[in-house]
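As structure tokens, the structure follows; a few thoughts come after it.
Position 1 is the first residue of the sequence, and the numbers go up from there.
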Amino acid sequence: MGHGGDVIAELTADHREVDELFAQFSDAMPGSADRKRLVDAITIELVRHSVAEEQHLYPAVREHLEEGAALVDKELADHARVEELLKELEEREPDATDFDRLVVKLRTEVTAHVDDEENHLFAQLRNHVHPYILESLGEKVRAAKKTAPTRPHPAAPSTPPANKLLAPGLGLVDRARDYITGRGR
């Protein structure tokens, strides 16, 4: 969950972690409980990652990059599509007829988003934002992931200040549900 380094290193490490979970999903037996466990793990990582970006990275992008508002609007639209897919998957069992199709769609969305961030947004941040700020954002992102929700909440706000106020409470409820159900172990 916390990898260290500046915000770019932290988020890139998250991306590789999710890539690995998708690879494990592909290797798991179709319809198996293992596939459901892996989708739960993917969901937990993606939700934490997205919430942290929305709380800390995207406000910094708006502030420091000339076209920041447009970039953030696109990223938030990507997050909304992914969160809707995660919500659909949360309601499905691994043997549902559309489970694998939804995972493929999710992976496609996530891969496109990651590619865009790593090849465009992160390069702009590296070129236009002071390393001290990037380090500080890395620390904030790591802290946010610790209290972030672990389940999709498509109706929750995705911009400050509302997201910063609500996310820890949603995260607490999600972690309690996860503990009771054994999800994410």
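- In the displayed structure, E66 atom CD is contacted under 6.0 Å by at most 12 heavy atoms of other residues, nucleotides or ligands.
- Taking both residues in full, the closest heavy atoms of P168 and N163 are given as CD-O, 4.4 Å, listed atom of the first, atom of the second, then distance.
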*Please report the C-alpha distance between F22 and V110 in whole Å, then the side-chain angles of each, then the deciding distance to 0.1 Å, and finally whether the side-chain contact (heavy atoms from CB on, under 4.5 Å) criterion is met.*
CA-CA 10 Å; F22 275 122; V110 169; 4.1 Å; yes
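- One finds a salt bridge joining R142 and E10 here, because a Lys/Arg side-chain nitrogen approaches an Asp/Glu carboxylate oxygen to under 4.0 Å.
- No side-chain heavy atom of T159 sits under 4.5 Å from any side-chain heavy atom of Y58.
- Under the 30°/60° scheme for interplanar angles, the aromatic rings of F99 and F25 are found to be tilted.
- Each of E118, E20, H113 was checked for a side chain to side chain donor-acceptor pair (under 3.5 Å) with H15, and the lone residue meeting it is E118.
- Side-chain heavy atoms closer than 4.5 Å link hydrophobic residues (I, L, V, M, F, W, Y) into clusters, and following such links, possibly through other members, connects I133 to V72.
- Both V114 and L21 belong to a single network of hydrophobic side chains, linked directly or stepwise wherever heavy atoms of I, L, V, M, F, W or Y lie under 4.5 Å apart.
- In this structure a side-chain-to-backbone donor-acceptor pair under 3.5 Å is present from N127 to A123.
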*Test side-chain contact (heavy atoms from CB on, under 4.5 Å) applied to R183 and T150, step by step*: CA-CA 10 Å; R183 179 178 177 265; T150 61; 3.6 Å; yes
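- Taking OG1 of T147 as the start and CD of Q55 as the end, the distance is 6.5 Å to the nearest 0.5 Å.
- At a threshold of 4.5 Å between non-hydrogen side-chain atoms, the residues L125 and L57 count as touching.
- When every heavy atom of E84 is checked against every heavy atom of P154, the shortest pair comes out as OE2-CB, 3.2 Å.
- For D116 (side chain) and A112 (main-chain N/O), no donor-acceptor pair under 3.5 Å exists by modelled atom type.
- Side-chain contact check for D100 versus R35: some heavy-atom pair is nearer than 4.5 Å.
- You'll find the side chain of V18 stays beyond 4.5 Å of the side chain of H49, heavy atoms only.
- Between the side chains of H79 and E53, a donor-acceptor pair is found at a separation under 3.5 Å.
- Two residues are said to be in side-chain contact when any heavy atoms from C-beta on lie closer than 4.5 Å; F122 and V7 fail this criterion.
- Nearest heavy atoms, A156 versus L170: CB-CD1, 4.0 Å.
- Of the possible polar contacts, none joining the R62 side chain to the E67 backbone as a donor-acceptor pair under 3.5 Å is found.
- Enclosure of atom NZ in K105 is not indicated, since only 12 or fewer non-hydrogen atoms of other residues, nucleotides or ligands lie within 6.0 angstrom.
- Across S26 and R107, no two heavy atoms sit closer than the pair OG-NH1, 3.0 Å.
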*Could you go through the salt bridge (Lys or Arg N to Asp or Glu O under 4.0 Å) check for D34 and R37 one step at a time?*
CA-CA 5 Å; D34 215 24; R37 179 189 59 77; 2.8 Å; yes
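- One finds the OG atom of S136 at 9.5 Å from the NE2 atom of H56 (value rounded to the nearest 0.5 Å).
- Between K145 and D14, the closest side-chain pair of non-hydrogen atoms falls below 4.5 Å.
- Contact check for T43 versus L89: no side-chain heavy atoms found under the 4.5 Å cut-off.
- Of all the heavy atoms in D78 and R81, the pair that sits closest is OD1-NH2, 2.5 Å.
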*Applying side-chain contact (heavy atoms from CB on, under 4.5 Å), run through R92 and D98 and close with a yes or a no.*
CA-CA 8 Å; R92 303 288 194 293; D98 61 347; 3.0 Å; yes
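- Side-chain atoms of H153 never come within 3.5 Å of backbone atoms of A155 as a donor-acceptor pair (strictly under, hydrogens ignored).
- Side-chain atoms of V61 and L121, non-hydrogen and from C-beta on, do get closer than 4.5 Å to each other.
- At least one donor-acceptor pair under 3.5 Å links the side chain of D6 to the backbone N or O of A9.
- One hydrophobic cluster, built from ILVMFWY side chains closer than 4.5 Å, holds both L65 and V141.
- Note that the CD atom of E117 and the CG atom of L71 stand 10.5 Å from one another [nearest 0.5 Å].
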*Can you list the steps and then say if E90 with L86 is a side-chain contact (heavy atoms from CB on, under 4.5 Å)?*
CA-CA 6 Å; E90 183 181 50; L86 292 173; over 6 Å; no
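- The hydrophobic cluster containing V103 also contains V47, counting ILVMFWY residues as joined when their side-chain heavy atoms lie under 4.5 angstrom apart, directly or transitively.
- Considering all non-hydrogen atoms of both residues, E135 and G5 come closest at OE1-C, 3.9 Å.
- Comment: D178 engages R151 in a salt bridge, judged by a side-chain N to carboxylate O separation of less than 4.0 angstrom.
- The hydrophobic clustering, which links ILVMFWY residues whose side-chain heavy atoms are closer than 4.5 Å, places L46 and L76 apart.
- With R175 contributing its side chain and G171 its backbone, the two residues share a donor-acceptor pair below 3.5 Å.
- For the atom pair CG of D174 and CZ of R48, the computed distance is 10.0 Å after rounding to the nearest 0.5 Å.
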